[in-house]
2 protein chains.
Amino acid sequence: MRSQSTTDGGLAQAVIRRFHALRPLSDEAVGALEQAILEGLFRAGPGEDLVAEGDPIDSVRIVLSGWLYRHKTLEDGRRQIVNFILPGETCDAHAYLLSTIDHSITTATPVTYAEIKRARFEKLMASERTLAEAFMCETLLNNAIQREWAINLGRRAALEKVAHLFCEIYERLRPVGLVDGNSCSFPVTQMDLADATGLSVVHLNRTIQELRATGLITLRERTLTIADLDALKSAALYSPNYLQLYRQV
Amino acid sequence: MRSQSTTDGGLAQAVIRRFHALRPLSDEAVGALEQAILEGLFRAGPGEDLVAEGDPIDSVRIVLSGWLYRHKTLEDGRRQIVNFILPGETCDAHAYLLSTIDHSITTATPVTYAEIKRARFEKLMASERTLAEAFMCETLLNNAIQREWAINLGRRAALEKVAHLFCEIYERLRPVGLVDGNSCSFPVTQMDLADATGLSVVHLNRTIQELRATGLITLRERTLTIADLDALKSAALYSPNYLQLYRQV
DNA sequence: TTCCGGCATTTCAATAGGTTAACGAGCCGC
DNA sequence: GCGGCTCGTTAACCTATTGAAATGCCGGAA
């Protein structure tokens, strides 16, 4: 199912815009990145493992369209989604330095991505300073998000967890132009959502009902609509600090 | 209380050994790092904030002795410790790229650390390739640990959580020579432990009693002793993959 | 059209973990 | 030596969340 693709579709533009928001890029950097992306386009269907825990890594992937998630599984099957990877985001900016990877990456939807081989990537980093900084910021941002997930999983109540996740995803989709008014695509099952928030499917479902009942959100046909973002944020005890990198957007 | 220090004490050696385990360092890199460390030694007492959420950052800190923790707090006071920082580890390898930091860093014990100013650090990175890679690995390892904490907080049961934390800390102290047989220093209060595992203090206490009762651990006078590491790991559903960087130790 | 599998939903009983409160030990300043 | 702190511990009670199981919906394959 995974296949090389030759279509472009201007998708690279959104990626570049987001990178630019992370860190100002020089014109040369933009050109070089764009070229590298267009040279290695691939597609994958939904439910495919791009990376499995324990794999060695030798390239960097940038997502042009579609959702993926990082996850880990315990021996007995309990699964935790530790993060989502959204369009414009990077899978493993420097992970080739590690011998093997500690988690799996699976597509939640059909995905288009660009793959840059390690050697090529390192050359890019060496020649384009602003690009190297942008990828560094990408990694740091990832880190910050991961920390916020820790407090989400450890200290927030069920309703707050789910509300917080909705707020975060919405804010992360914004800089790539994937929010439309107060709604955005939200193509994951409730089982995935449960595994991302550390809840059981049953309780996650109840929690979503509750969010619907209070009129905070609508979630239907894979589309999330947030009636009142401020109200949702307040219900989630959401603090925007950790996504500050996007401030320039 | 925070004060510049001029004592050396050979502490830098442990740091260097650990870095070397992360990534092989050239002799020049070792020398340069050692010098940078010795030029900026500081001390802090217990319970001091080295970094507060929202601060701008303009230096890198390497811990020579003592424990710290990263934490975030919700408006209503709920707190989550998102990670510990142990001797030999680095506070914020590249964080100066971000405008402000998303979490606080507080000392749990008296701490000795080296502070390297941004300009100095960047020069080091530019001139010593192996050192730059080592710091990169440090950041990636941090990331991996953070992901493991996500599954710990989201999917493990109380006993597993605490057991897992014990295993992880033990394994992280090992490469810096801070484990002595089957025990190591463990200088944090049960309240801290509760905030690290996402439990209430009361339940954390109950859980520790249980671990004691089953003979898996002893925790007395700030010292943790692990009777049977394999048994503890198995109780924790511990998988060592995510700390693989230390494999060479 | 029919069957099937994935997904959302609901119900109900069971429980892991939270909350509140109280007590004792050790330690510090006075 | 006396309060007043922090920290660990225990008890009793309570609830948020889990787990198992059944139902209905929908879209795809035959």
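A note on names: the letters A, B, ... follow the listed sequences, proteins ahead of strands, and every chain is numbered from 1. These figures come from a predicted structure and were not determined experimentally.
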note = Interatomic distance, CG@L232(B) vs CG@L224(B), rounded to 0.5 Å, equals 8.0 Å

remark   = Rounded to the nearest 0.5 Å, the CG atom of L68(B) sits from the OG atom of S104(B) at a distance of 12.0 Å

ask   = In terms of heavy-atom contacts, does CG of D180(B) have more than 12 from other residues, nucleotides or ligands at under 6.0 Å?
value = no

query = How long is the span from the CD1 atom in I62(B) to the CD1 atom in I37(B), to the nearest 0.5 Å?
reply = 4.5 Å

task = Answer whether the closest heavy-atom distance between the side chains of W67(B) and V111(B) falls below 4.5 Å.
result = no

query = For the residue pair F186(B) and F166(B), does the interplanar ring angle fall in the parallel (under 30°), tilted (30 to 60°) or perpendicular (over 60°) class?
reply = perpendicular

Integer-rounded Å distance: dA8(C) P and F186(A) CZ = 12 Å

key: Whole-Å gap separating C1' (dA8(C)) and CG (L219(A))   = 11 Å

message = Please enumerate all residues that pass salt bridge (Lys or Arg N to Asp or Glu O under 4.0 Å) together with E53(A), with sequence neighbours excluded.
response = none

task = Measure the distance from CG on L153(B) to P on dA16(C) and round it to the nearest whole Å.
result = 19 Å

task = To the nearest Å, give me how far apart CG (L199(A)) and C1' (dG17(C)) are.
result = 15 Å

key: K161(B) NZ - dG18(C) C1' separation (whole Å)   = 12 Å

message = Distance check needed: dG18(C) P versus R156(A) CZ, whole Å only.
response = 17 Å

query = For DNA chain D, what residues of residues 188-195 of chain A have any heavy atom nearer than 4.0 Å?
reply = none

inquiry  = Taking the basic N atoms (NZ, or NE/NH1/NH2) and the acidic carboxylate oxygens, is any pair closer than 4.0 Å for R156(B) and E148(B)?
reply    = yes

remark   = Separation between CG (N241(B)) and NE2 (H103(A)), nearest 0.5 Å, reads 12.0 Å

All N/O contacts under 3.5 Å from nucleotides 20-22 of chain C to the protein, with atom names and distances to one decimal?
none

request  = State plainly whether the residues R70(A) and D92(A) are in salt-bridge range, i.e. N to O under 4.0 Å.
outcome  = yes

query = Do any side-chain nitrogens or oxygens of Q209(A) fall under 4.0 Å of OP1 or OP2 in dT10(C)?
reply = yes

message = Students often get this wrong, so: under 4.0 angstrom with heavy atoms, is G198(A) touching a base, only sugar-phosphate, or nothing?
response = sugar-phosphate

Distance, rounded to the nearest Å, where H203(A) contributes NE2 and dT10(C) contributes P = 14 Å

task = Find the distance between CG (L178(B)) and CZ (R172(B)) and round it off to the nearest 0.5 Å.
result = 12.5 Å

request  = Check every nucleotide of DNA chain D for an atom under 4.0 Å from a heavy-atom of chain B, then give the first and the last such nucleotide from 5' to 3'.
outcome  = dC7(D) to dA12(D)

task = Look at all strands and tell whether R222(B) reaches a base, only sugar-phosphate, or nothing, counting heavy atoms closer than 4.0 Å.
result = sugar-phosphate

task = Anything under 30° is parallel, anything over 60° is perpendicular, the rest tilted; go ahead and classify Y69(A) against F84(A).
result = perpendicular

task = Rounding to 10 degrees, work out the angle separating the end axes of the helix from dT1(C)-dA30(D) to dC30(C)-dG1(D) (five pairs an end).
result = 40°

query = From T207(B) OG1 over to R212(B) CZ, what is the distance, rounded to the nearest 0.5 angstrom?
reply = 11.5 Å

task = Only counting residues at least two apart or in another chain, list the ones meeting salt bridge (Lys or Arg N to Asp or Glu O under 4.0 Å) with D228(A).
result = none

ask   = How is R212(A) classified with respect to the nucleic acid when contacts are heavy atoms under 4.0 Å: base, sugar-phosphate, or nothing?
value = sugar-phosphate

